[in-house]
Each structure stands twice: as C-alpha cells, then as structure tokens.
Amino acid sequence: MATVKIELPDGSVREVEAGSTPYDVALGIGEGLARQAIAARFDDQLLDMSTPLENSGKLALITQNAPEALAILRHSCAHLMAQAVKELYGADVQVTIGPSIDNGFYYDFFSDKKTFVPEDFADIEKKMAELVKADLPITREEMTSAEAIELFRSMGENYKVELIEDLGETNVSLYRQGDFVDLCRGPHIPRTGILKAFKLTSVAGAYWRGDEKNAMLQRLYATAFADKKQFRAHLARLEEAKKRDHRKLGRELDLFSFSEEAGAGLVIWHPKGALLRTIIEDFERKEHLKRGYDIVMGPQILKTELWKTSGHYENYRENMYFTEIDEQGYGIKPMNCLAHMLIYKTKLRSYRDLPQRYFELGMVHRHEKSGVLHGLLRVRGFTQDDAHIICRPDQIDAEVKGVMQFVQDVAGIFGFEYCMELSTRPEKSIGSDADWARATSALKSALDDVGQPYEVNEGDGAFYGPKIDVKLKDALDREWQCATIQCDFTLPERFDLTYVGADGEKHRPVMLHRVIVGSIERFIGVLIEHYAGNFPLWLSPVQAVVVNVTDNQAEYVRKVESRLREAGIRVQSDLRNEKLGFKIREAQMSKIPYMLVVGDREMEEEKLAPRFRDGKSLDPMTVDEFIRFVADEVERFH
RNA sequence: GCUCACAUAGCUCAGAUGGUAGAGCACAUCCUUGGUAAGGAUGAGGUCAUCGGUUCAAAUCCGAUUGUGAGCUCCA
C-alpha cells in the first residue's frame with residue numbers, strides 16, 4: 001500500500017496511507033481534534049475533512065476557532081438554510097447562491113409564488129434546528145457538468161443549470177445533506193450537527209448576478225457563529241451601532257432633520273448642526289490656506305452648454321437637475337470643477353504660476369436614485385471640500401503626495417485609521433488610452449513612493465480619470481469612503497487650458513480633482529457615529545452649560561455665561577426652575593462636554609464647579625481658570 | 001430605479017376580526033428653591049402621511065402618491 005508524507009504545522013511529519021482523509025490524520029493526533037476540526041488546508045487548498053489525500057504535502061486542520069473557520073461554517077449554514085427553505089416551501093422556490101459575507105451569510109432564492117416575510121424566520125430557524133439535531137452527514141460528490149445539468153434540470157433548479165453552463169467545467173462538485181443537494185465548490189463542515197448559533201436577520205431583494213436587468217431574487221440574510229458567546233458579542237456590536245446611528249443622534253442632539261415637504265435627501269440644518277458645520281468649514285478653510293490653496297466660489301447654476309463642453313451632459317445627465325429661464329437652459333452643479341476652469345482661463349498662465357490650487361466648499365446637487373438615500377451619508381444636496389489643482393505634468397507626483405499627506409493629517413486630527421484604493425478606467429469614460437495610462441501610473445507611483453498599501457479596483461474610476469479613494473475606519477472599525485484624488489487629463493483638453501512654458505510655447509496642464517473629507521454632510525454623519533455623539537471639545541456646538549442650584553445664583557450665572565461667551569467659549573446657561581440633578585441629566589444626555597455648577601458656595605468664591613459629561617468632576621475654579629482650561633484642551637486635540 | 005416592509009401627538013410606541021383614538025417622555029401653567037442622571041399637580045397637543053376607492057360606517061380593507069427602513073444596483 002502506497003503511503004504519503006503529511007507535514008503538520010508544527011513541522012512534524014506523519015506517514016499515512018494514500019487516500020487517507022484529513023479526518024483520519026486528525027484522529028491519529030487526537031479524538032478531540034478530530035471532533036473539533038471542520039475542514040482542512042492542504043498546501044494552499046481548502047479541503048473537506050473527508051477528502052482523500054493522494055499526495056504528500058502540508059496539512060493544517062481548521063478548527064472552529066481558526067480565522068478561516070467562520071466563513072466555512074457560515075457557508076455551510078447557508079446550505080442548511082437553503083435545505084430548510086426547500087423542505088418548507090418545496091417546488092415553489094428555486095435555489096441560487098449563498099455565500100458567506102462579513103457578518104454572516106445570505107442565500108438568494110427565486111420564487112414567484114412565495115414571498116418571504118420576517119414572520120417566516122421562526123419557521124425556517126425551527127426547521128434548521130431540526131436538521132442540526134438530525135446531524136446529517138455532509139458529503140461531496142463529483143460528476144460531469146452534463147450529468148449535473150441533467151440532475152438540476154430534473155429538479156427544476158434552473159438557476160443552478162445556468163450556473164453550471166456558465167462555469168464551463170467538465171466536472172463539478174456537489175454537496176449533499178439528507179435530501180438536499182447543492183452545486184458547490186466547498187469545503188463544508190462534515191455534519192450539520194456542528195452548527196449551533198445562527199439567526200435569520202432580514203429579507204431583501206437582490207438581482208440575479210447583481211445585474212438590475214435580471215430577475216429580482218429574494219435574499220435571506222442570516223448570521224452564524226462558532227458559539228453562542230461570539231454570537232452574543234456580535235449582537236452587542238449591532239446594538240452599539242444602533243445606539244450610534246447618526247439619524248437617531250442627529251434628532252436627539254437637535255443637529256438636523258429631513259422634511260417630506262422639502263424633499264428627500266435634502267438636509268435641513270438646525271442651529272447646533274449648522275454651528276458644527278461652520279466649525280468644520282472654518283477648520284477646512286484654515287487648513288487649506290495653510291497648504292497653499294486659494295479659496296474660490298462659483299455659481300450654483302451654469303448654462304447647459306458648459307456642461308456639454310465638460311462632458312457632464314453626456315456622462316452625468318441622469319444625475320443632474322436642470323432648469324430653464326428665458327429659453328436658456330441651466331444645469332444645477334453636481335460638481336464644482338467648471339467655475340474653476342473658468343477662473344483659470346481668465347488670464348494667460350505661465351509655468352511659473354503652477355500649480356494653481358482652487359479650493360471651494362461647494363454645494364452640489366445630484367439626483368441620486370431614491371432607494372440609495374440614507375441619512376446624511378447619502379443625500380441629494382451636499383457640500384464638498386473640493387479643490388482642483390491645475391499643474392504641469394511634472395508636478396503631479398508632488399501634488400498627489402501633498403494631498404495624501406493632507407488626508408493623513410486630517411484623519412489623525414479626527415482620530416481615524418484609513419486605507420486607500422486605486423480605481424482604474426471604467427467602461428463608460430472619455431479620454432485617450434494614453435492619457436488614462438499616464439494618469440493611472442502617476443497615481444500608482446505616488447502610492448508606491450510613500451509606501452502606502454492599497455487595493456486596486458479595476459474599472460471603478462470616474463468617467464474622466466482614475467482615482468485614489470481613501471476609506472476612513474471609525475471607532476467601530478467600519479469603513480467610510482471620504483477622500484478621493486482624481487487625475488484628469490480630459491477637462492483641461494475640453495476647456496483648452498494652457499500655460500506658457502519656459503520655451504515660450506503653449507502647453508496643456510493636468511488637473512487633479514480632490515476632496516479631503518468628501519462631503520461635509522457625510523463626514524458629519526460619520527463623525528457622529530465615530531464619536532457616538534460625544535464630540536471632542538473643539539467640535540462641540542455647545543461646549544459648556546452653566547447650571548444654577550437655586551434662583552439665588554441666577555444673576556451670577558448670567559454674568560459667568562457672558563464672560564465665557566466673550567472668551568469665545570460656546571456656552572449656554574440653564575436657569576430653569578428644576579432641580580440640579582434634572583439639569584445635569586439633560587445636559588449629559590445632550591452630550592455637552594462641561595456642566596458648570598454654580599451654587600451659593602461657588603458664587604461666594606467667584607468660582608464654578610466643572611463636571612465632565614462622563615460624570616467626573618473637577619475642583620471648583622475661577623472663570624478665568626476655566627477659560628484657560630478650555631483653551632488648553634482645544635489646543636491639545638487639534 | 002428595483003424587491004419587501006413600514007407611516008397613529010414633537011419623540012418612543014399601544015390601538016384583535018371596520019363602529020371617527022390612548023400611554024410614557026417632551027411642552028404649558030401652578031406649587032416646590034431643591035448640590036451633581038428624572039420633585040409634585042393640572043393642562044394643552046392628533047383631518048391616524050396625502051389623494052382616491054370599497055362600505056351604512058375606514059386609523060383599520062384596496063389602489064395610487066409621498067416619505068422612511070432593510071437590501072440590490074449606483075455613489076461623496
């Protein structure tokens with residue numbers, strides 16, 4: 001009998017009969033391990049515990065707690081859910097695909113008879129639990145594509161037939177558990193009994209193969225974990241995210257609202273929200289001036305012809321709002337670049353004048369599809385911290401690096417981690433192949449030079465050029481697209497921008513579109529969730545509230561309030577006829593950083609007693625001391 | 001835009017099977033002057049998102065519209 005040599009992760013080598021399975025190997029090491037292991041990695045391939053090992057190689061057993069175990073477990077759980085659905089609803093539904101995703105898994109079903117509703121979840125979960133209890137073995141089998149097509153066709157599973165036909169393989173693998181069989185690459189756990197913690201979470205529509213021209217499927221979302229403890233931790237995370245939801249906090253903190261009467265996706269900023277915006281916008285202006293940008297402003301509407309010149313009319317029309325007055329068409333700007341082009345063109349530019357960096361906090365309107373709107377994170381009118389850098393080709397590299405540094409500085413100030421992505425030419429685009437290649441390599445080399453790791457998204461660029469996207473990671477480790485740097489050779493061409501070079505000839509400049517936080521609206525939404533509404537002192541719209549204990553101190557409180565306000569502190573006083581505890585509670589719930597308590601004791605000493613929103617308090621201090629204290633803290637955090 | 005669900009007082013939510021609405025918080029008035037997360041009493045607040053239909057009768061059933069949510073597709 002032939003033997004093969006199996007090397008284990010600890011370096012030890014076991015010699016086993018050819019055709020032994022990972023399960024056999026695991027059993028040879030220990031029964032506990034054999035029970036714990038759900039799949040195996042052989043060289044670089046993932047295998048089932050029951051796959052025969054015909055060659056020598058490195059074998060690692062994947063136990064339930066291994067990093068790659070969760071995806072396998074969830075994928076198997078998706079099969080379990082599909083099995084339950086088929087047993088419950090039979091021929092009324094067809095199965096399609098069911099992968100594992102970040103926080104769980106889903107399975108897409110087609111049915112024109114059955115519509116899934118959340119009330120079905122309990123039935124499906126119950127059936128899944130039964131199948132777990134039955135502890136069905138999950139087995140793999142291989143057959144030719146023709147046989148598999150025959151099999152699925154006989155079962156009426158047309159989507160599976162289509163999948164196999166498109167795969168174009170000679171052989172495919174199938175997994176079987178009880179009466180349920182599914183086309184699948186694997187690997188899978190050995191038995192259904194291993195699945196312990198799962199829960200259906202939601203139902204939603206999804207297009208077959210993600211294409212809106214295809215049939216709408218019904219997607220059942222669910223989640224699964226190796227054990228109940230991890231499952232509870234996941235639910236706690238969801239709970240935390242829900243508490244931080246900027247739509248909820250936005251209302252509670254009285255920052256902004258939306259109005260059905262005004263229109264969907266149009267933000268209405270309340271005093272505190274508008275103040276917060278103003279603080280961020282002032283910060284932006286200061287930071288841009290510091291880095292050699294010029295502040296400019298363009299009009300809200302520009303003639304339709306100009307949008308034709310820029311290519312927006314061709315490529316972006318369906319997202320634009322148009323209006324017509326005196327038989328002249330205008331487009332409401334969805335981007336800020338046009339006016340910046342016009343500024344550049346107002347005079348002859350020398351190579352010595354470049355780069356020109358035009359910065360605008362520009363309000364743009366885009367008709368986003370109604371279904372994508374989401375609080376502040378996706379709106380129809382928003383303000384970009386937009387700039388267009390018009391430079392010589394030899395300056396691209398330094399400018400891109402400058403922008404990347406800017407992004408990193410700002411991310412640091414707000415306490416975000418970040419990652420970057422490079423997006424290349426999409427199908428619908430303008431410009432020559434050569435320009436695209438140059439622009440793409442310019443961005444790439446800037447990324448490479450600073451040693452910034454990045455992912456590449458093929459075909460994800462803007463219609464006029466490739467881009468670097470920056471994703472911020474918030475306190476809950478969620479990613480948000482904010483900054484983007486886009487390289488554009490096309491617009492200078494279309495607008496015939498030129499500069500006079502050292503040689504006295506006219507040359508074509510290059511343009512970089514870039515935003516740092518992206519949209520002020522979205523960024524504030526992200527900030528609210530990142531800080532859970534507890535803005536750092538320098539951002540808090542209300543930094544302190546002066547609270548009296550009894551009416552006796554009312555006049556002194558008013559005096560303190562005006563002194564603090566004169567010192568530039570954003571302060572309120574709360575003189576309402578309520579008990580101290582009540583006022584403290586309200587101030588704390590509105591997440592005001594400092595509550596300044598004033599009773600007879602403080603009044604006599606001309607002091608105030610600060611208390612932080614986390615409940616900690618400081619020793620009483622004078623008004624001047626508090627003013628210095630606040631100035632220090634603001635200084636330290638930005 | 002597509003699929004499914006939802007829309008009752010400023011907010012959070014009750015209101016089987018059709019018979020013109022209720023709670024808590026918030027708000028107002030009064031009492032209370034109370035030292036670090038809710039003092040008490042009284043009161044005012046709703047064309048049940050909008051429009052249409054079915055019915056003797058609609059918050060409740062049906063349709064359309066608007067808005068919202070979860071996704072899909074798209075995106076700052």
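When reading the values below, keep in mind they use all heavy atoms of this one structure, side chains included, and skip hydrogens, waters and symmetry mates. Reminder, nothing fancy here: chain letters follow the sequence lines and each chain counts from 1.
Between B:G34 and B:A70, the two C1' atoms lie 48 Å apart (nearest whole Å). For the C1' atoms, the distance from B:G43 to B:A9 is 15 Å, rounded to whole Å. B:U60 and B:G53: their C1' atoms are spaced 15 Å apart (whole Å). Taking atom P on both nucleotides, B:C74 is separated from B:A28 by 50 Å, rounded to a whole Å. The separation of B:A26 from B:G19, taken at their P atoms, amounts to 33 Å, rounded to a whole angstrom. Using atom C1' as the reference point in both B:U42 and B:U47, the two lie 28 Å apart (nearest Å). Nucleotides B:G52 and B:G10, compared at atom P, are 23 Å apart to the nearest Å. When the P atom is used for both B:C2 and B:A58, the distance is 32 Å, rounded to whole Å.
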Item checked: Pairing string, 5' to 3', for RNA chain B - Watson-Crick or wobble contacts under 3.5 Å, brackets [ ] where pairs cross, | to another strand -> (((((((..((((.....[..)))).(((((.......))))).....(((((..]....))))))))))))....
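Distance A:E252 CD to B:U12 C1': 10 Å, rounded to the nearest Å. When rounded to the nearest whole Å, the span between CZ of A:F116 and C1' of B:C4 equals 12 Å. Atom CZ of A:F121 is separated from atom P of B:C4 by 15 Å (rounded to the nearest Å). Rounded to an integer number of Å, the gap from A:D574 CG to B:G34 P is 17 Å. Summarising the geometry, the separation between CG on A:L220 and P on B:A5 is reported as 14 Å, rounded to the nearest angstrom. Between the CG atom of A:D120 and the C1' atom of B:A5 there is a distance of 13 Å, given to the nearest Å.
The shortest side-chain heavy-atom distance between A:Y594 and A:L537 falls under the 4.5 Å cut-off. Two residues are said to be in side-chain contact when any heavy atoms from C-beta on lie closer than 4.5 Å; A:V547 and A:L580 meet this criterion. Within the 4.5 Å cutoff, the side chain of A:F523 has heavy atoms near those of the A:L472 side chain. Between A:E157 and A:K86, some side-chain heavy-atom pair lies under the 4.5 Å cut-off.
The aromatic rings of A:Y321 and A:H365 stand perpendicular to each other, their planes meeting at an angle above 60°, with 30° marking the opposite boundary. Ring pair A:H388/A:H340 is perpendicular by interplanar angle, where above 60° counts as perpendicular and below 30° as parallel.
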Item checked: nucleotides 66-76 of chain B: protein proximity per nucleotide (B base, S sugar-phosphate only, - neither; heavy atom, under 4.0 Å) -> BSSSSBBBBBB
Item checked: Sequence-aligned protein contact record of nucleotides 35-45 of chain B, with B where the base is within under 4.0 Å of a protein heavy atom and S where only the sugar-phosphate is -> BBBBS------
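Regarding the sugar-base torsion, B:G45 falls in the syn class, its angle being within 90° of 0.
Remark: the A:E529 side chain and the A:W480 side chain contain no N/O donor-acceptor pair separated by less than 3.5 Å.
With respect to A:K471 and A:D469, no salt bridge is recorded, no charged nitrogen being found less than 4.0 Å from a carboxylate O. Under the 4.0 Å criterion applied to side-chain N and carboxylate O atoms, A:R585 and A:E578 are not assigned as salt-bridge partners. The pair A:K114-A:D120 counts as a salt bridge, with a side-chain nitrogen and a carboxylate oxygen less than 4.0 angstrom apart.
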Next item on the list: Could you give me the CA-CA distance, side-chain angles and deciding distance for A:Y464 and A:Y316, then say whether ring pair (Phe, Tyr, Trp, His ring centres under 6.0 Å) is met?
Entry: CA-CA 11 Å; A:Y464 46 76; A:Y316 207 71; 9.1 Å; no
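No donor-acceptor pair under 3.5 Å is formed between the side chain of A:R219 and the backbone N or O of A:A204.
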